[in-house]
Amino acid sequence: MNDYLNHLNPEQKLAVEQIDGPMIVIAGAGSGKTRVLTYRIAHLIKNGVNPFNILSLTFTNKASREMRDRIQKIIGDNDAKNIWMGTFHSVFSKILRIESHYINYPKNYTIYDTEDSKSLTRSIIKELNLNKDFYKVNIIRSRISTMKNNFISPDEYVNNPEIVLQDKIAKRTKFIDIYKSYINRCIKYSAMDFDDLLINTYKLLNSFPEILLKYQRKFEYILIDEYQDTNHIQYLIIKKLAALNENICVVGDDAQSIYAFRGANIQNILNFQSDYPDFKSFKLEQNYRSTKSIVETANHLISFNKKQLQKKVWTNNSIGSSVVIHKCSSDNEEAKLVANTIFDLKIRDDFFNNDFCVLYRTNAQSRAIEEALRKKNINYKIYGGISFYQRKEIKDILAYFRVIVNQNDDESLKRIINYPSRGIGLTTLNRLSLKAIENNRSIWSIIKNIENIDININKGTKNKLIEFYELIQKFILMSQKCDAYTLANDIIHSSKIYTELHNDKTPEGVSRFENIQELLNGVKTFAEQSEDEVSLGNYLQEIALITDMDNENDNEADKITLMTIHAAKGLEFPNVFVVGIEENLFPSMLSLESEQDLEEERRLFYVAITRAMKNLFLSYSTFRFRWGQYIDCSESRFLNELDDKYVVRNEQEVHFSKPKFSFKKKSFPTTNRSLKSVKKIENHEAENYVGHKFSIGDRIEHQNFGKGSISNIEGFGSSTKACVNFDNFGEKTLLLKFAKLKLLNN
DNA sequence: ACCTCAAACATTTTT
DNA sequence: TGTTTGAGGT
């Protein structure tokens with residue numbers, strides 16, 4: 001009756017059969033980690049645990065869905081749908097919907113993504129009339145996020161001299177005002193950003209013991225995947241939830257921790273051991289995924305990291321082909337090489353496009369690869385960058401949805417009040433905003449009473465506002481009677497968005513129109529799939545936390561996958577290309593300052609390598625187009641950390657192309673443009689960098705690090721670096737071409 | 001109020 | 001390089 005356990009090896013079986021108590025599974029890459037989680041949940045259910053009492057947290061919603069399907073197959077009935085499964089954010093947002101009144105939020109609160117949160121920050125900076133040079137939106141936003149994640153409230157901020165000083169040095173003394181305003185605005189708009197979803201869940205469980213007990217009783221069994229990538233707040237929440245039953249199972253691999261920049265903390269693994277002294281520990285060390293060459297290459301690389309848990313990943317698989325390192329002359333050549341290799345391998349070994357994946361460090365690198373693949377007529381899909389729901393035209397429609405569901409959301413209202421344009425301009429909007437702030441009310445409520453409010457807006461504009469009010473009001477009334485699809489359809493038509501986009505026959509316009517159609521289809525599918533009455537609000541909740549990875553539309557099509565290494569976590573492909581393995585790109589220039597960051601980059605490379613099952617191709621180029629300039633690059637230090645025994649190098653800067661395909665090359669003329677630009681840049685460099693004005697001992701000033709003195713200068717041309725001893729930030733090595741150092745006299 | 005064009009800006013990774 | 005913001009004209 002337990003014959004499903006025969007699908008597991010002895011290591012895996014041990015972990016699956018452990019039912020009660022705290023346990024940690026350290027699982028090497030490709031060792032069947034997901035398999036263990038899936039079978040363990042099935043095993044729990046088979047042993048009488050009610051699916052309602054299981055909480056399973058994964059890294060993507062897609063992973064959840066796949067796991068649920070597999071559990072369903074193993075246990076053979078429909079119970080699996082009752083398991084609480086999803087990402088931290090989606091599960092917590094569900095809890096917050098249910099308990100929203102405890103934390104003074106309405107049930108239909110809006111979720112702000114990073115873009116929304118940025119634009120809120122931007123408008124606050126503008127309102128406070130602050131200098132954009134010192135108050136950069138991205139920096140301020142990420143600082144707000146850091147504060148929140150460390151539980152530093154505005155009050156605590158003021159009482160923390162060290163943090164206050166940091167902002168003083170960076171000339172951001174008004175940061176506290178932005179921070180306060182940001183928090184107040186979110187509350188006023190009934191909106192939560194990604195951080196709030198975690199923080200408010202923690203506050204909820206921390207302040208209301210009866211709620212905590214409710215969920216402790218509900219979640220008798222808790223399982224967490226990718227535990228190495230949980231952050232501190234997530235850890236605290238889980239600790240609370242698990243405190244009653246202590247049936248907690250975490251699975252992870254410290255060697256694959258790649259989200260420290262987002263607050264992920266390997267310390268969580270160590271904490272686990274002290275929080276639950278009687279924990280059981282399991283190790284999965286046999287790799288089933290990759291050839292011996294790939295496994296050993298990865299092992300050799302990761303041994304250069306000092307900080308790691310003891311683990312020896314091994315495999316019974318055959319040695320396979322050697323890992324190939326290619327040197328290329330430019331990013332475009334590199335891309336062509338990838339496309340040609342794919343073309344060749346497909347013919348020689350009968351691979352499908354689905355069997356290939358191209359990985360890179362930054363999203364911007366995808367362009368060259370895309371171009372080369374298009375020229376070869378190879379289909380590809382690309383993950384990351386702007387996802388479907390981030391597109392402008394989609395966000396515009398979603399802003400309508402949001403306002404209809406939650407009229408407090410001023411940010412969304414601002415977005416649609418003049419889209420499509422209805423003669424309500426910036427001046428009017430500014431006056432409305434001001435009035436709203438004065439009276440501490442939402443813009444919507446000002447518009448609602450526009451006729452009775454003393455405001456400097458002329459009669460004609462007032463009428464336009466009334467028209468707008470009536471339009472939205474109509475939608476609000478409809479939303480109480482209609483399903484989401486009917487309503488969405490009506491919104492797009494009666495707001496005139498449909499006509500406007502339909503009349504736009506430019507290629508971009510057509511694509512926008514198609515995207516709107518796709519959105520409508522999405523709403524329809526959602527409405528049909530769901531069992532209970534589907535409101536627009538439900539739909540918004542659902543999509544707020546969806547990412548590119550979660551879309552399964554493309555699953556049928558045979559396409560090559562392009563994505564960042566971060567996005568490739570948990571995936572595997574027969575053939576993997578990792579491109580752009582160069583100093584300052586991978587490892588990233590920003591990670592060179594500390595050993596910790598560098599080790600994270602190395603783990604990232606480890607993740608990239610271990611995605612491959614059969615063939616692994618690594619490449620770098622000596623010239624690359626970056627920031628609108630050609631930059632010369634050198635081979636990444638990581639390539640020297642690979643084991644020569646399993647690696648072959650192709651040092652010649654030749655194009656990968658067999659004689660039988662050489663006629664194809666005519667379709668890739670080397671662009672003259674690129675050569676011209678190179679010459680131009682060289683002259684440019686000669687002016688700017690060879691004869692730079694700095695010498696050892698000079699006092700300088702840096703935008704972020706303040707004042708300091710130069711202790712050393714090395715390199716030449718565009719790679720000239722200066723070692724600077726900063727008065728407040730210690731020693732740093734900076735590239736002169738990027739760091740805009742100001743020479744201080746005397 | 002709206003449109004158009006040029007200048008400025010930005011490049012790490014993401015739920 | 002590609003996108004976004006702001007100034008200036010209509």
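Order of the sequence lines fixes the chain letters, A, B, ..., with proteins taken first and strands second; residue numbering starts at 1 for each chain.
- Evaluation of the side-chain hydrogen bond (donor to acceptor under 3.5 Å, both in side chains) rule for A:Gln365 yields A:Thr362 as partners, not counting sequence neighbours.
- Between A:Arg122 and C:dT5 there is a side-chain N or O to OP1 or OP2 distance below 4.0 Å.
- Residue A:Phe194 places its side chain closer to B:dT15 than to any other of B:dT13, B:dT11, B:dT15.
- A donor and an acceptor atom, one from each side chain of A:Arg374 and A:Tyr380, are located under 3.5 Å apart.
- Side-chain contact check for A:Thr230 versus A:Ile238: every heavy-atom pair is 4.5 Å or farther apart.
- The separation between A:Asn332 atom CG and C:dT1 atom C1' is 12 Å, rounded to whole Å.
- The same atom, C1', is picked in C:dG6 and in B:dT11; the two are 22 Å apart, to the nearest Å.
- Residue A:Ser90 places none of its side-chain N or O atoms closer than 4.0 Å to OP1 or OP2 of B:dT15.
- Here the two rings, on A:Phe586 and A:Tyr620, have centers that are 6.0 Å apart or farther.
- Rounded to whole Å, atom C1' of B:dA10 lies 10 Å from atom NZ of A:Lys118.
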Any N/O pairs under 3.5 Å between the protein and nucleotides 6-8 of chain C? List them or say none.
unit_1 : atom_1 : unit_2   : atom_2 : d
C:dG6  : OP1    : A:Lys132 : NZ     : 3.1

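- With respect to A:Asp632 and A:Arg624, no salt bridge is recorded, no charged nitrogen being found less than 4.0 Å from a carboxylate O.
- Atom-to-atom, CZ of A:Phe586 to P of B:dT13 comes out at 13 Å; the value is rounded to the nearest Å.
- Aromatic pair A:Tyr259/A:Phe59: ring centres closer than 6.0 Å.
- In this structure, CD1 of A:Ile125 is placed 18 Å from P of C:dT4, rounded to the nearest angstrom.
- When each of A:Leu590 and A:Asp195 is assigned the nucleotide of DNA chain B bearing its nearest heavy atom, the one mapping closer to the 5' terminus is A:Leu590.
- From A:Ile631, atom CD1 reaches atom OG of A:Ser621 across 11.5 Å, with rounding to the nearest 0.5 Å.
- Listed pair A:Asn363 / B:dT14 meets the phosphate criterion, a side-chain N or O lying under 4.0 Å from OP1 or OP2.
- Counting non-hydrogen atoms under 4.0 angstrom, A:Phe88 reaches nothing in the nucleic acid.
- A:Lys136 places its NZ atom 17 Å from the P atom of C:dT4, with the value rounded to the nearest Å.
- Put simply, the residue from A:Glu583, A:Glu601, A:Glu582 that forms a salt bridge (charged side-chain N to carboxylate O under 4.0 Å, His left out) with A:Arg361 is A:Glu601.
- A salt bridge links A:Lys569 to A:Glu226: one of the charged nitrogens lies within less than 4.0 Å of a carboxylate oxygen.
- The listed nucleotides are C:dT1, B:dT14, B:dT13; the one nearest the side chain of A:Arg361 is B:dT13.
- Computed from coordinates, the A:Ile565 CD1 to B:dT14 P distance equals 11 Å when rounded to whole Å.
- For the pair A:Arg367 and C:dG2, the criterion of a side-chain N or O lying under 4.0 Å from OP1 or OP2 is met.
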Nucleotides 1-3 of chain B: which of its N/O atoms have a protein N/O under 3.5 Å away?
unit_1 : atom_1 : unit_2   : atom_2 : d
B:dA1  : OP1    : A:Gly425 : N      : 3.4
B:dA1  : OP1    : A:Thr428 : OG1    : 3.0
B:dA1  : OP2    : A:Thr427 : OG1    : 2.7
B:dC2  : OP1    : A:Gly423 : N      : 3.3
B:dC2  : OP2    : A:Asn418 : ND2    : 3.0

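- Distance A:Asp116 CG to B:dT14 P: 18 Å, rounded to the nearest Å.
- Among the protein residues, A:Asn138 comes within range of the sugar-phosphate backbone only, with heavy atoms under 4.0 Å from sugar or phosphate atoms but none that close to a base.
- Nucleotides C:dT5 and B:dT12 are separated by 24 Å at their C1' atoms, to the nearest Å.
- Nearest nucleotide to the side chain of A:Thr362, out of B:dT15, C:dT1, B:dT13: B:dT13.
- In summary, A:Asp116 and A:Arg415 do not engage in a salt bridge, as defined by a charged side-chain N under 4.0 Å from a carboxylate O.
- As rounded to whole Å, 16 Å separates atom P of B:dT14 from atom CD of A:Gln234.
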